[in-house]
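One structure below.
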Amino acid sequence: MNTTIAVKEKIFDVNDRIAAENREIINNAGIYAINIMASPGAGKTSLIEYMVGELSSRRQILVIDGDLATSLDADRASAAGAQAYQINTGGQCHLDAVMLRDAFKYVNFDKIEFLIVENVGNLVCPIDFQLGTHHNIMVASIPEGDDKPYKYPGSYQGIDALVVNKIDLLPYISFKMDYFLNGVRALNPDVPIFHISCKTGEGMDEWIKWIDKQIEIHKQN
Ligand SMILES: Nc1nc2c(ncn2[C@@H]2O[C@H](COP(=O)(O)OP(=O)(O)O)[C@@H](O)[C@H]2O)c(=O)[nH]1
Ligand SMILES: [Mg+2]
């Protein structure tokens, strides 16, 4: 039992140290970086496509996609207009700081202002492995159901912004928004929350404005 705990602590210590190094690299390059987490199918890649579509005419964007296999998501980000790289985790259910550091070896940071990391679709593990990005962003979506903050509290506690996607489906799905938001607020009282649809574009202005502001703030640091 004690051995297990000691080993776990060591893994997290190493990860945190590398995450701090990643943060230094990102900060030195004047880049704002986010880590997007969600369950599979919530709309992470759709959100990235939307952000790249909206911002790439005036912001240089780099996307690093984590997945168990395939380069499908990086291909989508690249088609939307970003410089995109894929990390295949080979079955691991989350990205970690070492994987991101290794990806950095292949990346051209020249003129990049915004780094988007798409984590592996999973509501349990990714939040335990900081990557060194500035903000952890959770994408929740209406079809997943309104009970997820109650069932996966760790993921909702550790986030810096919440995007509630697929609000175009609200008329068709039983989703009690008050119940959902009460669960979120109990865990993370001040987290900014954005209600959006990647399909219709509803709510996107406010989200894009928030992201754009963060890019400006981190450029100045
Ligand atoms: N109705 C609706 N479907 C969406 C929305 N956003 C994404 N989708 C669909 O949800 C599915 C999964 O999206 P994807 O971006 O691949 O999710 P990821 O696995 O989290 O990266 C795709 O079929 C998308 O077209 C949305 O706002 N509304
Ligand atoms: Mg995806």
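We count ligands from 1, going down the list as the structure has it; atoms in each ligand are counted the same way.
Atom 4 (C) of ligand 1 has as its closest protein heavy atom Lys166 CE, 3.7 Å. Among all protein heavy atoms, the one lying closest to atom 27 (O) of ligand 1 is Cys198 N, 2.8 Å. Remark: minimum distance from atom 6 (N) of ligand 1 to any protein heavy atom is reached at Asn165 ND2, 3.1 Å. The nearest heavy-atom contact from the protein to atom 19 (O) of ligand 1 is Gly41 N, 2.8 Å. The shortest contact between atom 28 (N) of ligand 1 and any protein heavy atom is with Asp168 OD1, 2.8 Å. With respect to atom 16 (O) of ligand 1, the closest heavy atom belonging to the protein is Arg76 NH1, 2.9 Å. Counting protein heavy atoms only, atom 17 (O) of ligand 1 is closest to Gly43 N, 3.1 Å.
The distance between the ring centers of Phe180 and Phe175 falls below 6.0 angstrom.
Side chains of Thr200 and Asp168: a donor-acceptor N/O pair is absent below 3.5 angstrom, by distance only. Side-chain polar atoms of His134 and Asn27 form a donor-acceptor pair below 3.5 angstrom. In this model, no donor atom of one side chain and acceptor atom of the other lie less than 3.5 Å apart for Asn35 and Glu118.
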| CA sep, side-chain torsions, deciding dist, call: Gln130, Asn136, side-chain hydrogen bond (donor to acceptor under 3.5 Å, both in side chains) | CA-CA 9 Å; Gln130 297 303 311; Asn136 289 324; 3.2 Å; yes

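Ring-plane geometry between Phe114 and Tyr32 is classed as parallel, the angle between the planes falling under 30 degrees on a 0 to 90 degree scale with a further cut at 60.
Partner of Ser39 under the side chain to side chain donor-acceptor pair (under 3.5 Å) criterion, chosen from Glu144, Lys148, Lys44: Glu144.
Taking a cutoff of 4.0 Å between a charged side-chain nitrogen and a carboxylate oxygen, Glu216 and Arg59 qualify as a salt bridge. Using a 4.0 Å cut-off between charged side-chain N and carboxylate O, Asp190 and Arg185 make no salt bridge.
Here atom 15 (O) of ligand 1 lies nearest to Ser46 when heavy atoms of Ser46, Gly203, Pro143, Gly201 are compared.
If you look at Thr45 next to ligand 1, the close heavy atoms, those under 4.0 Å, come from the backbone and the side chain alike. Contacts between Glu49 and ligand 1 below 4.0 angstrom, taking non-hydrogen atoms only, are absent altogether. Contact annotation for Leu169 and ligand 1: only side-chain heavy atoms (C-beta onward) come within less than 4.0 Å of the ligand. For Met37, no heavy-atom contact with ligand 1 is shorter than 4.0 Å.
Near Ser197, the atoms of ligand 1 lying under 4.0 angstrom from a non-hydrogen atom of the residue are 27 (O). Ligand 1 places these atoms under 4.0 Å from at least one heavy atom of Glu118: 21 (O).
Atom 23 (O) of ligand 1 lies below 4.0 Å from none of the non-hydrogen atoms of the protein.
Within a 6.0 Å sphere centred on CG of Asp102, heavy atoms belonging to other residues, nucleotides or ligands number more than 12.
One finds an angle of 90° at the Mg ion (ligand 2) between OE2 on Glu118 and OD2 on Asp73, to the nearest 10 degrees.
Metal site remark for the Mg ion (ligand 2): Thr45 contributes an N, O or S atom at a distance under 2.8 Å.
The closest approach between a heavy atom of Ala42 and any atom of ligand 1 is below 4.0 Å.
With hydrogens and angles ignored, the 3.5 Å screen pairs no side-chain donor or acceptor of Asp65 with any backbone N or O of Val117.
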